[in-house]
Number of protein chains: 2
Amino acid sequence: MTVTIKDVAKKAGVSPSTVSRVLSNHPRISKETSQKVKEIVEELGYHSNIMARGLISNKTYTLGMVLPRPAEELFQNHFFSESIRGITTQASRQGYDVLMTAGSSEQDEVEAVTRLVKGRRVDGIILLQSRKNDPIISFLQKEAFPFILIGHYGSENILCVDNDNVQASYDATVHLISQGHERIGFVSGPTNLTVSDDRLKGYKKALSEHALRMEPDWIVEGEFLQESGYRAMAFFMNLPERPTALVVIDDIVTFGILRGLTELGYKVPDDLSLVSFNNIALSELSSPPLSSVDIGIYQLGYMASQLLIRHIDEDKTQQLRTIVPHKLIVRESSVNLKRNWS
Amino acid sequence: MTVTIKDVAKKAGVSPSTVSRVLSNHPRISKETSQKVKEIVEELGYHSNIMARGLISNKTYTLGMVLPRPAEELFQNHFFSESIRGITTQASRQGYDVLMTAGSSEQDEVEAVTRLVKGRRVDGIILLQSRKNDPIISFLQKEAFPFILIGHYGSENILCVDNDNVQASYDATVHLISQGHERIGFVSGPTNLTVSDDRLKGYKKALSEHALRMEPDWIVEGEFLQESGYRAMAFFMNLPERPTALVVIDDIVTFGILRGLTELGYKVPDDLSLVSFNNIALSELSSPPLSSVDIGIYQLGYMASQLLIRHIDEDKTQQLRTIVPHKLIVRESSVNLKRNWS
DNA sequence: TCCACTTGTGCAAGCGTTTGAACTTCTTTA
DNA sequence: TAAAGAAGTTCAAACGCTTGCACAAGTGGA
């Protein structure tokens, strides 16, 4: 049925070990033998059985990944597909494949990871989001299994690739301040994600450095969903004294805000200015176009693969935390026209 | 280091074979032995080595998938992430994982699939898009390897899950006709995808059934990119006699059209009505909100996993082609207000 | 009492590779 | 000319698991 190393060996008149050595470019194989074996390999279309090989070498050339559960998943939408694209592209380039599994609950997720790790199904794990007190991280640490986190995990010694989200949020906020805003609100994401914390921190830092009012009422939490934005909008617009600008955790959420404002007849940026994060393709197309911090999602994924593979293959003492640069893209949603006139 | 079946066996005072049988619920194992072994398995945190097991059983419990290359990939964006989510969720539910690999060229892709198939790395392959004359399909057919196609491949006997794109496009076109349009254009996707053909066919069918003009100039091809939409818009708006409505292959493309129209000061739907496909989340949020055919992307992925796994596990004689229903969601971009007044 | 089952478990082969050690055949060196 | 080494290859064990077959002990019918 399937052609094995033995078939190749027989046809080439050598032993299986020789074939194996040819295929791994062992130095002590003669030119002729090598040549001949390679021809036969080609002719027979032989490919080594990954399981058998993995059984010996204890290597799978596979990176594992757990898909976020629907709830949080929806959010990432673009984040998710774009980072996966980066991860997979780079992994393939380095000869690795990517294995995905999904869990329907947190416990499910831990079990899935356990299965991957203990079953020696993958060589390393990529975590797509950074949650606080993540049992998966505890597990991987306990097992001393190679993994990388997109995001960071407090100050623990964990291999990770991240944005400087504090700075990014600081930049976004300062941008609004530079447009003349003095009452600025913040729409956050799920509180269990470190990214929410970091961006909130950057926002607060900017306000306090500029001695602006910090109103607890002007900070709301939500999911990475349009609905959250819609609700946040409703909340803010009903406030007796409301902010004139918002820093928003994700473009998707901003779209929800935008929809709500349009329905109520408010204008952006005049009635409310907006800056958010991720700079997804559609930010540019909305009306008005959205100001957004590009966080280099593809690159986050790309780097994650690269660093994890390096960690697996060789260099155990590499730098632990890698920062992918961000860039604020200013568009209409945050340009204060009145001020520009003056 | 890692705990093997032997460790469990030793600790339980039985042979490895017994442990193996306990784990596979062999009928001839006594209650007590089974109980005891299971306790030890739990205690030691034993998980069977997938490679070793796969080597024997020739099963990997893994489905393979090739990521579309950047060019076409960008397009599907949402299609891609949503179908993967469906695929992975359902696969996990049935005890399968999903392996992704990426190829940078068509030849690369074929090689990647060859590696997966010949290396017995996966039990089946899911193809995310249906291209004409796809060498991957020829290969898989030749190897008689289980696979499923999202889309269809002419009338060949291939397991696939698809929309009725001809009908979907027919519906979209008829909807425009019902709004009083008589000059309707079509913005297509890459010509090497069957989905482009199908939707064009449905469009033509609707026109001819309603005895409307079919102008070759009113059919343009492009990529699944905003730029394509932008270009198409420019082309149409410069025509001496131009269509009053367009059927567009993908929401993303429509966003490009919309942007162009807005820039030029045209109004949708008054100056140009639009209907497209995919009904991505943002269709609802654009201004005006987009009419779009919901093609059930998640379900396409979901079914693909389910049917492929069924095909692998058992039933070789199942129905080959499964149709996921579509639904036209009418929003402002295609509602002819003038006509509604009359 | 004997034979034929049934029940529960162990033995050992084998899945397709890799790899250290051993073996052969040359080549070199003293 | 013998010994030492290099070059090229094969042998056989091992990776961790499954499974057909054999075996032992118990059960029941004639």
Side-chain angles (χ1 to χ4, degrees), chain A residues 1-38 40-41 44-62 95 114-123, chain B residues 1-38 40-41 44-62 95 114-123:
Chain A
M1 193 66 168
T2 48
V3 31
T4 75
I5 202 171
K6 287 183 193 162
D7 301 324
V8 176
K10 193 177 294 170
K11 187 140 188 181
V14 297
S15 76
S17 1
T18 302
V19 176
S20 172
R21 292 199 158 91
V22 167
L23 264 30
S24 58
N25 292 315
H26 190 99
R28 293 230 293 240
I29 293 289
S30 71
K31 275 270 171 272
E32 307 88 63
T33 310
S34 172
Q35 176 65 24
K36 182 166 178 189
V37 167
K38 278 177 178 163
I40 309 244
V41 162
L44 263 43
Y46 167 76
H47 279 248
S48 82
N49 182 310
I50 304 226
M51 316 254 209
R53 182 205 294 234
L55 191 52
I56 298 262
S57 63
N58 235 339
K59 283 230 42 173
T60 61
Y61 292 97
T62 305
T114 308
R115 194 167 45 76
L116 296 189
V117 170
K118 297 270 199 162
R120 294 266 159 229
R121 185 148 208 185
V122 298
D123 297 337
Chain B
M1 193 68 168
T2 48
V3 30
T4 76
I5 202 172
K6 283 183 196 164
D7 301 322
V8 176
K10 193 178 295 171
K11 185 138 189 181
V14 297
S15 76
S17 3
T18 302
V19 175
S20 171
R21 288 195 242 265
V22 166
L23 263 30
S24 59
N25 291 315
H26 190 99
R28 295 228 293 235
I29 293 289
S30 70
K31 275 268 173 272
E32 308 87 61
T33 309
S34 171
Q35 176 66 22
K36 182 166 180 190
V37 167
K38 279 176 179 164
I40 309 244
V41 162
L44 263 44
Y46 168 75
H47 280 249
S48 81
N49 181 310
I50 304 224
M51 316 255 206
R53 181 206 295 234
L55 192 51
I56 300 257
S57 63
N58 235 339
K59 282 228 46 172
T60 63
Y61 292 98
T62 305
T114 308
R115 194 168 44 76
L116 296 189
V117 169
K118 296 269 198 162
R120 293 268 159 228
R121 185 146 210 188
V122 299
D123 297 338

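Chain identifiers are assigned alphabetically (A, B, ...) following the order of the sequence lines, protein sequences preceding nucleic acid strands; residue numbering begins at 1 within each chain.
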For atom [atom1] of [X] and atom [atom2] of [N], their distance in whole Å:
{"X": "A:R120", "N": "C:dT17", "atom1": "CZ", "atom2": "P", "value": "22 Å"}
{"X": "A:I5", "N": "C:dG16", "atom1": "CD1", "atom2": "P", "value": "11 Å"}
{"X": "B:K59", "N": "D:dT19", "atom1": "NZ", "atom2": "C1'", "value": "18 Å"}
{"X": "B:N25", "N": "D:dT18", "atom1": "CG", "atom2": "P", "value": "12 Å"}
{"X": "A:K6", "N": "D:dT10", "atom1": "NZ", "atom2": "C1'", "value": "15 Å"}
{"X": "A:K118", "N": "D:dC17", "atom1": "NZ", "atom2": "P", "value": "12 Å"}
{"X": "B:L23", "N": "D:dT18", "atom1": "CG", "atom2": "P", "value": "7 Å"}
{"X": "A:H26", "N": "C:dA21", "atom1": "NE2", "atom2": "P", "value": "13 Å"}

Between [X] and [N], does any side-chain N or O lie under 4.0 Å from OP1 or OP2?
{"X": "B:S30", "N": "C:dT9", "answer": "yes"}
{"X": "A:S24", "N": "C:dT18", "answer": "no"}
{"X": "B:T18", "N": "C:dG10", "answer": "yes"}

- For DNA chain D, find the residues of residues 47-58 of chain B with a heavy-atom distance under 4.0 Å and give them by number; none if there aren't any. B:S48, B:N49, B:A52, B:R53, B:I56

Return the [atom1] to [atom2] distance between [X] and [Y], rounded to the nearest 0.5 Å.
{"X": "A:T2", "Y": "A:D7", "atom1": "OG1", "atom2": "CG", "value": "8.0 Å"}
{"X": "A:R115", "Y": "A:R121", "atom1": "CZ", "atom2": "CZ", "value": "6.5 Å"}
{"X": "A:Y61", "Y": "A:R53", "atom1": "OH", "atom2": "CZ", "value": "7.0 Å"}

- Task: With heavy atoms under 4.0 Å as the rule, sort B:S17 into base, sugar-phosphate or nothing.
- Result: base

- Which part of the nucleic acid, if any, lies within contact of A:S20, taking any heavy atom under 4.0 Å across all strands shown: a base, the sugar-phosphate backbone alone, or nothing? base

- Message: Could you go through A:S20 and A:S17, starting from their C-alpha distance and side-chain angles, then the distance that decides it, and tell me whether this counts as side-chain hydrogen bond (donor to acceptor under 3.5 Å, both in side chains)?
- Response: CA-CA 5 Å; A:S20 172; A:S17 1; over 6 Å; no

- Item | Base of C:dT17 paired with side chain of A:R21 (donor-acceptor, under 3.5 Å) | no

- Per the atom types in the model, does the base of C:dG10 pair as donor or acceptor with the side chain of B:R28 at under 3.5 Å? no

- Message: Is there a side-chain contact between B:I29 and B:T18 in this structure, where contact means two heavy atoms from C-beta onward sitting under 4.5 Å apart?
- Response: yes

- Task: Considering non-hydrogen atoms only, spot the tightest contact between B:V37 and B:A12 and give its length.
- Result: CG2-CB, 4.2 Å

- Query: On DNA chain C, nearest-nucleotide positions of B:G13 versus A:Y46: which is more 5'?
  - Reply: B:G13

- Task: Assess whether side chain to side chain contact (heavy atoms under 4.5 Å, CB included) is satisfied between A:K59 and A:D123, documenting all intermediate values.
- Result: CA-CA 6 Å; A:K59 283 230 42 173; A:D123 297 337; 3.2 Å; yes

